[in-house]
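Below is one structure, written out as structure tokens; the observations come after it.
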Amino acid sequence: MANKPDNKRKKYRAPRGTSDYLPKRAAQLHYLDSQAAEIFERYGYRRIITPTFEDTDLFSRSIGESSDIVRKEMYTFNDKAGRSLTLRPEATAPVVRAYIEHKLHSEIKPVKLYYIGSMFRYERPQAGRYREFWQLGVEALGSPKPLIDAEVIVLLVDYLKSLALNDLVLHIGSMGDDKCRLPYTKKLRQELEPKAEAMCPDCQQRLKLNPLRVFDCKNKVCRAIIAEAPKITDNLCDECANHLVQVEKGIIGAGIKYQLDPTLVRGFDYYTRTTFEVRSPLLGAQSALGGGGRYDNLIAEYGGPATPAIGFALGMERVLLALEAEQVKLDIEISPDLFVAVVDNTDRPEAFRILTDLRRYGLAAEMDYMARSLRSQMKLADKLGSEFVIILGPDELKSGRVAIKNMATGAERKVSLDQIADSIKNLKSEPKGE
RNA sequence: GUGGUUGUAGCUCAAUUGGUUAGAGCGCUGGUCUGUGGCACCAGAGGCUGGGGGUUCAAGUCCCCUCAGCCACCCCA
């Protein structure tokens, strides 16, 4: 870390895996948010905001010590009092913490919450995977019934469809519960251990740490072996099997297509029963737009009252990538209603007064602050996409009547200065001729 | 964390076997049009070729290191 005696200034860049959301992209993100707010609230979910960082062990306990997120991807730091804190890698644990801390179990159940925020994982970045990324998600706490699973899944799909995304594949699976998962895991391990030597090093590791993950492997040899292995969906206890059937019925009733996926394994240890994931086939390696599942034991494990729950999280950047891949244009450009142009530089203060009145009246209005010629002001108004331009010159200011030009048609009409705002509003409500 | 690949104006890309002041289109600013936009034409601004070191008479071109993006693995949103 030798400091060079340089006279050049260091060029600062956004840290690896992070990015600036310039106005265009920020507007897209905001659109995803406002659209989500509308639909999620229609489904009865209310927004919750939790801190960006939490006690480190909140995450290590919930996500699972064996997961990569806990083992190597957390942004962990000590504060000045020596507390170990971690930038949240996901939001379910914080929401559950808040649920318990504020005794939300005393509210009407299920307690339905949604959140938006940036999450942090120290991973090697690539398209669709960043170190700081935005998630949108919901949690429904309190109901063990399969119909709430269906609601959460339908909500996820409906939201994505509302953005005009079409190329989506919904995968549904089950992780079983305490009764059936452990016996199944044992069975799977027994089945695979004799063949372990033929499998890839990753899978050998998985067999020890978390056997279910072998289903994620992309290695050909492993896949062949795994194809023969028992599937969890064939080894569920009666209750879990029935739960899964009921969830499927709910989804079918909502008219949503899905794929039953016995190999769907989700990364967090806290999942029980229903798991699901929505993928875009257009996206490459990071194809999961959103996913989630049921977590019936997590709240009790944190010392809260036994509370079944289910939720999903959705990656906003991935949604943006999918929209791009499907060539969906988010038409969210903002443009002024009118532009105030001046002929003489000396009239700019007067123009500014009029501009401010118009803005206070509720119109989106702009003027030039670069001392441009009238001609250049017109060009600027055009580029900004302004619907109307009013031109203030010596004549207009003397007579008190200004020209209002419709930029689409080129038509101009004279209006008295104190009626500009009303005139614009009237003109805007006129049907537009093509 | 592993392997691969790329890095030239704001953006998309050029630059003969290493060879003089690194170009184009789009965008930006202004003008032709001195009180009127879109089109056209003209002009201008804008680069220590991601950063550092090395080889060479000479490096955007070759070598090493580093940073960053991308592709895949791992994992996940």
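Within every chain, numbering begins at 1; the chains are lettered A, B, ... in the order of the sequence lines, protein sequences first and strands thereafter. Note: hydrogens, waters and symmetry copies are ignored here, and every other heavy atom, side chains too, is used.
Note: Tyr295(A) and Tyr270(A) meet the aromatic proximity criterion, with ring centroids under 6.0 Å apart.
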Do nucleotides 66-77 of chain B as a string where each nucleotide becomes B, S or -: B if the base has a protein heavy atom under 4.0 Å, S if just the sugar-phosphate does, - if no protein is that close.
--SSSSBBBBBB

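Following rounding to the nearest Å, Glu396(A) (CD) and rU36(B) (P) show an atom-to-atom distance of 12 Å. The nearest whole Å value for the distance from the CG atom in Asn345(A) to the P atom in rG35(B) is 12 Å. Across the protein-nucleic acid pair, Leu374(A) atom CG and rG31(B) atom P stand 11 Å apart, rounded to whole Å.
Between the C1' atoms of rC67(B) and rC28(B), the separation comes to 29 Å (whole Å). If you take atom P in rG51(B) and the same atom in rA59(B), they sit 15 Å apart, rounded to whole Å. Look at the P atom in both rC74(B) and rU17(B): the space between them is 42 Å, to the nearest Å. Nucleotides rG47(B) and rG7(B) have their C1' atoms positioned 14 Å apart, rounded to a whole Å. For the C1' atom pair drawn from rC39(B) and rU32(B), the interatomic distance equals 14 Å after rounding to whole Å. For the P atoms, the distance from rG23(B) to rC73(B) is 43 Å, rounded to whole Å.
The side-chain heavy atoms of Pro230(A) and Tyr184(A), taken from C-beta on, include a pair separated by under 4.5 Å. Side-chain atoms of Asn406(A) and Thr409(A), non-hydrogen and from C-beta on, do get closer than 4.5 Å to each other.
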Please list each protein N or O that sits under 3.5 Å from an N or O in nucleotides 37-40 of chain B, with the distance.
residue: rG37(B); atom: OP1; partner: Arg375(A); partner atom: NH1; Å: 2.2
residue: rG37(B); atom: OP1; partner: Arg375(A); partner atom: NH2; Å: 3.3
residue: rG37(B); atom: O2'; partner: Asp382(A); partner atom: OD2; Å: 3.2
residue: rG37(B); atom: N7; partner: Lys405(A); partner atom: NZ; Å: 3.2
residue: rG37(B); atom: N1; partner: Met407(A); partner atom: O; Å: 2.3
residue: rG37(B); atom: N2; partner: Asp382(A); partner atom: OD1; Å: 3.0
residue: rG37(B); atom: N2; partner: Met407(A); partner atom: O; Å: 2.6
residue: rG37(B); atom: N3; partner: Asp382(A); partner atom: OD1; Å: 3.4
residue: rG38(B); atom: O4'; partner: Asp382(A); partner atom: OD2; Å: 3.2

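In terms of phosphate contacts, Ser376(A) brings a side-chain nitrogen or oxygen within less than 4.0 Å of OP1 or OP2 of rG31(B).
In a base pair of the Watson-Crick type (N1 to N3 plus N6-O4 or O6-N4) or a G-U wobble (N1-O2 and O6-N3), with each distance short of 3.5 Å, rG25(B) is matched with rC11(B). Remark: rU2(B) base-pairs with rA72(B); criterion is Watson-Crick or G-U wobble with both hydrogen-bond distances under 3.5 Å.
A distance-only check finds no donor-acceptor pair linking the side chain of Arg131(A) to the backbone of Phe120(A) [under 3.5 Å].
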